[in-house]
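Please read the structure below before turning to the comments.
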Amino acid sequence: MRRETILNTLLYLAMPVAAALALALDEPFLITLITRAAIFALAAVGLNLALGLGGLVSLGHAAFFGIGGYAMGILAHHAQTYTPVIDSWIVLEGTKSMPVIWLVAIVSSALAALAIGALSLRTSGVYFIMITLAFGQMFYYFAISWPAYGGEDGLSIYVRNDFPGLNTLDPMQFFALVFAILSAVLWWMGRLARAPFGLALSAARQNAERVETVGLGPFRLRLVAFVISGAVTGLAGALFADLNRFVSPTMFSWQMSGEFIVFIVLGGVGRLFGPVAGAMLFVLLEHLLSPVSDFWLIYVGAILLLVVLFARGGLIGSLAGREVAHG
Amino acid sequence: MTPILLIEQVLNGLQSGITLFLMAAGLTLIFGVMGLINLAHGSLYMVGAFAAAAVAGWTGSFVLALGAALAAAAAAGMIIEMVVIRRLYDRDHLDQVLATFALILIFSEGTRWVFGSFPLYLDVPAALSGPVTLPGGILYPSYRLLIIVIGLLIALGLFQLIARTRIGIQIRAGESDREMIAALGVDISRLYTIVFALGAALAGLAGALVGAIQSVQVGMGEPVLILAFVVIVIGGIGSIKGALVGALLVGLTDTLGGVLLPLLFGLFMDPSSATTIGSALASMSIYILMALVLLFRPTGLYGGA
């Protein structure tokens, strides 16, 4: 086995093992912490398809995270207040059912990604970074200035939404649900990267002209990747909102987008488990450093700077060697 | 809405556009010459504002405060250029985004550490706190008018600097071919440090000028940074002229949108929902403007040369 495969297996098993340990020690807070890491990992796995494989540095993925969050918030808010979402010629009720919420989150964030992608992908490089950042910010300000769903204060949901057959308020059961989704998405992303679509997308990153010469359209490849990427991050947003039972415009904030990129780069760009490693490392750092100092982010900043300047390839790159080229 | 109120709002739009220009000019120069995307530019804006607030607190002099803002931001810019930024010129944009994101964390938390989490206040100097009467009997705050004048003077100076001076020639040459000007004996790393410090000083000045109208607090730079990105996307990367036109467009759209859109919707809606929808749309207006520019000119109004 390659070293990276061993490392991936260890990383993959770390979360359920840690959660089981936390359960044995009766530390439900730790389980919630691990669930948080898993959800962040899922969001970054989504971004990694666009960023790692497609080379599209999107600094606006918080838009999709927030849309997923608000999909949950709006549907559950209407369900808990017994008011319909839309009440005109068509009546649409709110819901507390997770699968329905997930579907709405995936579809709406995919649509947003389609619109943002179609505009932003007309450009490339540094323009693309700035434009995705700006569109993300547009959603942030919209969420703040739209008072129907709490505006700046956000929306609280009293009880976590339902999943058939599970008690989602039990931390371990909710973690299992999140972990199952993360596993399924990881499996799918692994297949996608080796499928013709993934290979073509990767080729378009390395040399767009050649891909065009063999008759594939880089724009379409990138747009599809961006839409899938946005949809996965949107799903993570719905789960994150359910974890906190709260949504607010901070889910749309550009710092959120920045953190997703941080997860990917801390773990290793373009590697399947890079975002998982990065998100785990980040949540661990947050947990260990925040009691030490109120200004713990300064240490995160310093670590990040050192990783970018000196440890290229991230955590997985340093431990498993540079088997996968990034560029 | 009376014409006087409208003119007042146009002036407000110009004022916010001009401050945006001070940010965007530095960003676009740094990108044009060094090919670097600098997220930490907003931190330099914050450094300027804090330096001004601190010096104004000690000395009571607004002029000294502005000088301190320029000096502190330029010094901070020079230090981060020499320690961090110059290692990033040959890296891809992802590494640049990450490293400058890390710098934001360090600057923001460091400032919180030194100055605390509460906002500081920088007072408008007494001589400028009153209104001036403009032709037509319009009363307008003299401080805001001063910002417009300073900004326009700096824009003019910057155009002269780029077009006429030796360093300006080197900057333009650096934009088109950096290997060549290095081969011709220009100390390229000194040039990069100067350009970066110049951009930083402009950002610091903008922070100090705006700090006297709004409060001086951690995180004040990032919203302005993102607006400056919108400006650059609209104007075209690397173009100072584009930055000026883009900044004024964004400043005017943002200010006038916030005033006019609720009124516009009020024509055919009840007032409360008109205010809601109008202000929500107004918050999106500059991004819609950006999207429109992108549809017709993907490299911006003055870009792609």
Side-chain angles (χ1 to χ4, degrees), chain A residues 51-52 55 57 59 115-116 118-120 122-131 133-148 151 253-255 257-259 261-262 264-266 269 293-310 312 326-327, chain B residues 27 31 35-37 39 83-84 87-88 91-110 112-113 117 219 222-223 225-233 236-237 258 275-288 290-291 294-295 298-300 303:
Chain A
L51 193 150
V57 183
L59 200 43
I116 294 178
L119 278 168
S120 317
R122 293 167 60 87
T123 64
S124 61
V126 72
Y127 270 106
F128 183 80
I129 300 174
M130 294 182 186
I131 291 162
L133 176 61
F135 279 128
Q137 203 68 359
M138 175 175 95
F139 282 94
Y140 175 71
Y141 284 118
F142 183 78
I144 283 185
S145 60
W146 189 253
S253 72
W254 74 277
Q255 283 93 340
S257 307
E259 277 172 24
I261 297 189
V262 170
I264 293 179
V265 175
L266 272 184
V269 180
S293 160
D294 282 346
F295 310 101
W296 63 278
L297 274 171
I298 208 168
Y299 301 110
V300 174
I303 293 171
L304 194 58
L305 203 55
L306 291 176
V307 169
V308 176
L309 291 181
F310 303 112
R312 302 179 70 181
H326 127 237
Chain B
L27 271 176
F31 185 80
L36 176 97
I37 174 166
L39 295 185
V83 178
V84 178
R87 298 169 203 274
L88 297 171
R91 301 290 192 86
D92 55 21
H93 293 317
L94 180 61
D95 285 350
Q96 298 175 349
V97 164
L98 248 300
T100 51
F101 183 76
L103 284 176
I104 294 181
L105 293 180
I106 294 172
F107 267 104
S108 295
E109 295 305 305
R112 214 192 296 277
W113 205 332
S117 297
E222 279 66 46
L225 172 85
I226 294 167
L227 284 184
F229 279 161
V230 175
V231 165
I232 293 177
V233 168
I237 293 179
T275 313
T276 310
I277 298 181
S279 57
L281 264 185
S283 68
M284 299 168 76
S285 57
I286 55 163
Y287 306 102
I288 296 168
M290 179 184 81
L294 273 179
L295 277 178
T299 52

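Residue numbers begin at 1 in each chain, while the letters A, B, ... track the order of the sequences. Below, all heavy atoms of this structure are taken into account, side chains as well, without hydrogens, waters or symmetry copies.
Taking Phe139(A), Phe295(A), Phe142(A), Tyr141(A) one by one and counting their heavy-atom pairs under 4.5 Å with chain B, the maximum is reached by Phe295(A). Highest contact tally toward chain B, considering only Ser145(A), Ala143(A), Ser293(A), is held by Ser145(A) [criterion: heavy-atom pairs under 4.5 Å]. Heavy-atom pairs under 4.5 Å with chain A were tallied for Ile37(B), Leu105(B), Leu98(B); the largest tally goes to Leu98(B). For the options Trp254(A), Tyr299(A), Phe135(A), heavy-atom pairs under 4.5 Å to chain B are most numerous at Trp254(A). Of the listed residues (Ile264(A), Leu297(A), Val300(A)), the one with the most heavy-atom contacts under 4.5 Å to chain B is Leu297(A). Interface check for chain A: of the options Tyr287(B), Phe229(B), Phe101(B), Phe31(B), the most heavy-atom pairs under 4.5 Å are formed by Tyr287(B). Among Arg87(B), Gln96(B), Glu222(B), Met284(B), the residue making the largest number of heavy-atom pairs under 4.5 Å with chain A is Met284(B).
Tested against Leu59(A), the residues Leu51(A), Ile131(A), Leu133(A) include a single side-chain contact (heavy atoms from CB on, under 4.5 Å) partner, Leu133(A).
Contact of Val233(B) with chain A is made through backbone and side chain together, with heavy-atom distances under 4.5 Å. Contact annotation for Leu88(B): only side-chain heavy atoms (C-beta onward) come within less than 4.5 Å of a heavy atom of chain A. Ile104(B) touches chain A through its side chain: at least one heavy atom from C-beta onward sits under 4.5 Å away, while N, CA, C and O do not. With a threshold of 4.5 angstrom between heavy atoms, Phe107(B) does not approach chain A through any atom at all. Both the backbone and the side chain of Leu305(A) come within contact range of chain B, judged by heavy atoms closer than 4.5 Å. Heavy atoms closer than 4.5 Å to chain B are found in the side chain of Val57(A), but not in its backbone. Contact annotation for Leu39(B): only side-chain heavy atoms (C-beta onward) come within less than 4.5 Å of a heavy atom of chain A. Proximity to chain B (any heavy atom under 4.5 Å) is shown, for Val126(A), by both the backbone and the side chain.
Residues meeting the side-chain hydrogen bond (donor to acceptor under 3.5 Å, both in side chains) test with Glu109(B), sequence neighbours left out: Arg112(B).
Distance check: Leu309(A) CG to Arg91(B) CZ gives 6.0 Å after rounding to the nearest 0.5 Å. For the atom pair Ile298(A) CD1 and Trp113(B) CH2, the distance stands at 5.5 Å (nearest 0.5 Å). Taking CG of Leu225(B) as the start and CG of Leu27(B) as the end, the distance is 6.0 Å to the nearest 0.5 Å. If you take OG on Ser253(A) and CD on Gln137(A), they are separated by 8.0 Å, rounding to the nearest 0.5 Å.
What you find for Leu295(B) and Arg122(A) is that their closest heavy atoms are O-NH2, 2.6 Å.
Proximity of a side-chain donor or acceptor of Tyr127(A) to a complementary backbone N or O of Thr299(B) within less than 3.5 Å is detected.
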